[in-house]
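These notes concern the structure reproduced below.
This structure is a prediction, so every number in the text was calculated from the model and none was measured. Numbers here simply count residues along the sequence, with the first being 1.
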Amino acid sequence: MLRLVSLKFGRLYRYVKLLFAASLLVVMLLNTHSLLASFQRNELTERRFLSLNKCPACFGTSWCRKFMNGQLSFEGWGRVRLLDFFNVKNVHFAQYGEPREGSRRVVLKRLGSNQELAELDQKICKRATGRPRCDLLQAMYKTDFARLNGDVRLLTPDVVEGWSDLVHCPSQRLLDRLVRRYAETKDSGSFLLKNLKDTERMQLLLTLAFNPEPLVLQSFPSDEGWPFAKYLGACGRMVAVNYVGEELWSFYNAPWEKRVDLAWQLMEIAEQLTNNDFDFALYLLDVSFDNFAVGPRDGKVIIVDAENVLVADKKLIKQNKPENWDVWYESKFDDCDKEACLSFSKEILCSRATVDHNYYAICQNLLSRHATWRGTSGGLLHDPPAEVSKDGHLGTLLDECANPKKRYGRFKAAKELKEYLAQLSNNVR
């Protein structure tokens, strides 16, 4: 009986898929003219498509000349706006060309869904005028984003604390870094907020509140060895970042030696973001297979979604010495029935000098048997070779890293796991 029901549901699912595909084909045929027009036009040169008309309620203008000159164009079916319905995250692939360098692939992001962007507009209008619709250009000057005028010298914690994960507990040192490295101004390099134009200050603050990913990429750049995609520029509400490669998910069934190398790199990333010479701890609050990508040439693992990164200034924690600041904090294992679950307290991440969150997040959501993604389980290190499985050491370390049984067990397990993966990686080469 159960098999009969499952077969019926299977057939129904296939029929629904077929019907949907047929409906989509009909819609595309009915819109053949607009479809052809989509392939002929380069919408990335249009101010309204880029939402440039909404500035300073936008993310920047540093790359507008490149967009307007036609140096960027959508790839293939990315030109068909009808398909944007399925692109909820508003992430697009495009070709970017320089006269003497040829073209290369880049990633374009609107930093939010259409609904989230519409809600942003409504919030700005309601705060400024009390109505859901308005002239955004005029309204921005009546919001909190315009509070910091030319007389304000510094961006201070009391102004932006809690606006986003990046500034959940900001230090003055972090905010000076954000302003000094802000790429959407010609006068970058100064931590003085007053050196920015009014529009640039508003764009910085809006980005910080709506989706601070560009500021993470700018403040902790790949050129200096940070494991993030490279920020290129923005025009209106379209941000360009360097294309890294295929998502980590694509390597779920890669050869064992490749997966071991990727796992070792992920543990290295966890270590670098937790302990570095700058005494900033960058905690990843959203860890899943589609938030990482792998370079096709160097095989390097890079974080490609940095919206949910909390930065704690460990130098300030050691200086202020809040309650229990020097007590090692162990993250609690979260055995939920959803994908990419994590359990954490932002307040504790902001007030402890030694935290195992990044090791926990990588082990639980990517490497161990507890990791689930798109209907699969077992994590990146699933189905190890017989000799590794028989030894049992890898499974023990992964379990202790994800769900420790001993006090401070994860700290020790993470260190040993990284060393063991390095050993395995050398053995399989």
Quick check against the 3.5 Å criterion: does [X] have a side-chain atom that pairs as donor or acceptor with the backbone of [Y]?
X: Arg127; Y: Thr143; value: no
X: Glu247; Y: Ala293; value: no
X: Arg352; Y: Val327; value: yes
X: Asn69; Y: Arg65; value: yes
X: Asn291; Y: Asp286; value: yes
X: Arg259; Y: Leu380; value: yes
X: Asn358; Y: Leu282; value: yes
X: Ser425; Y: Leu421; value: no
X: Asn276; Y: Phe280; value: yes
X: Ser250; Y: Glu246; value: no

What distance separates [X] [atom1] from [Y] [atom2], expressed to the nearest 0.5 Å?
X: Lys230; Y: Gln218; atom1: NZ; atom2: CD; value: 12.5 Å
X: Leu50; Y: Met238; atom1: CG; atom2: CE; value: 6.0 Å
X: Glu416; Y: Thr396; atom1: CD; atom2: OG1; value: 10.5 Å
X: Leu217; Y: Glu213; atom1: CG; atom2: CD; value: 5.0 Å
X: Cys350; Y: Ile317; atom1: SG; atom2: CD1; value: 7.0 Å
X: Leu204; Y: Thr185; atom1: CG; atom2: OG1; value: 9.5 Å

Do NZ/NE/NH1/NH2 and the carboxylate oxygens of [X] and [Y] come within less than 4.0 Å?
X: Arg110; Y: Glu116; value: no
X: Glu400; Y: Arg410; value: no
X: Asp399; Y: Lys405; value: no
X: Asp279; Y: Lys318; value: yes
X: Glu98; Y: Arg104; value: no
X: Lys300; Y: Asp261; value: no

Given Glu347 and His168, is the side chain to side chain donor-acceptor pair (under 3.5 Å) satisfied, shown in steps?
CA-CA 9 Å; Glu347 281 60 44; His168 187 80; 3.0 Å; yes
Side chain to side chain contact (heavy atoms under 4.5 Å, CB included) between Thr61 and Cys64, intermediate numbers included:
CA-CA 5 Å; Thr61 57; Cys64 281; 3.8 Å; yes
Measure the acute angle between the ring planes of [X] and [Y], then classify it against the limits of 30° and 60° as parallel, tilted or perpendicular.
X: Tyr96; Y: Trp63; value: tilted
X: Phe49; Y: Phe74; value: perpendicular
X: Phe278; Y: Trp226; value: tilted

How far apart are the closest heavy atoms of [X] and [Y], and which atoms are they?
X: Leu366; Y: Ser288; answer: CD2-C, 3.7 Å
X: Ser389; Y: Pro384; answer: CB-CG, 4.0 Å
X: Glu330; Y: Pro404; answer: OE2-CG, 4.3 Å

Taking only residues two or more places apart in sequence or in another chain, which ones pass salt bridge (charged side-chain N to carboxylate O under 4.0 Å, His left out) with Glu184?
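Scan of Glu184 (salt bridge (charged side-chain N to carboxylate O under 4.0 Å, His left out), adjacent residues dropped) gives none.
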Side-chain heavy atoms of [X] within contact of [Y], under 4.5 Å:
X: Phe59; Y: Leu206; value: yes
X: Leu155; Y: Arg201; value: no
X: Phe344; Y: Tyr360; value: no
X: Pro212; Y: Thr207; value: no
X: Leu111; Y: Arg237; value: no
X: Thr274; Y: Val355; value: no
X: Pro227; Y: Val301; value: no
X: Leu154; Y: Leu193; value: no

Do [X] and [Y] have a side chain donor and acceptor closer than 3.5 Å?
X: Asn275; Y: Lys314; answer: yes
X: Asp356; Y: Ser331; answer: yes
X: Asn242; Y: Arg105; answer: no
X: Gln423; Y: Glu419; answer: no
X: Glu271; Y: Tyr359; answer: yes

Does [X], at its [atom1] atom, have more than 12 non-hydrogen atoms belonging to other residues, nucleotides or ligands within less than 6.0 Å?
X: Arg407; atom1: CZ; answer: no
X: Lys415; atom1: NZ; answer: no
X: Glu387; atom1: CD; answer: yes
X: Asp277; atom1: CG; answer: no

Exactly one of Phe251, Tyr252, Trp256, Trp373 should register a ring-ring contact (aromatic ring centres under 6.0 Å, His included) with His382. Which one does?
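One option only clears the test, and that one is Tyr252.
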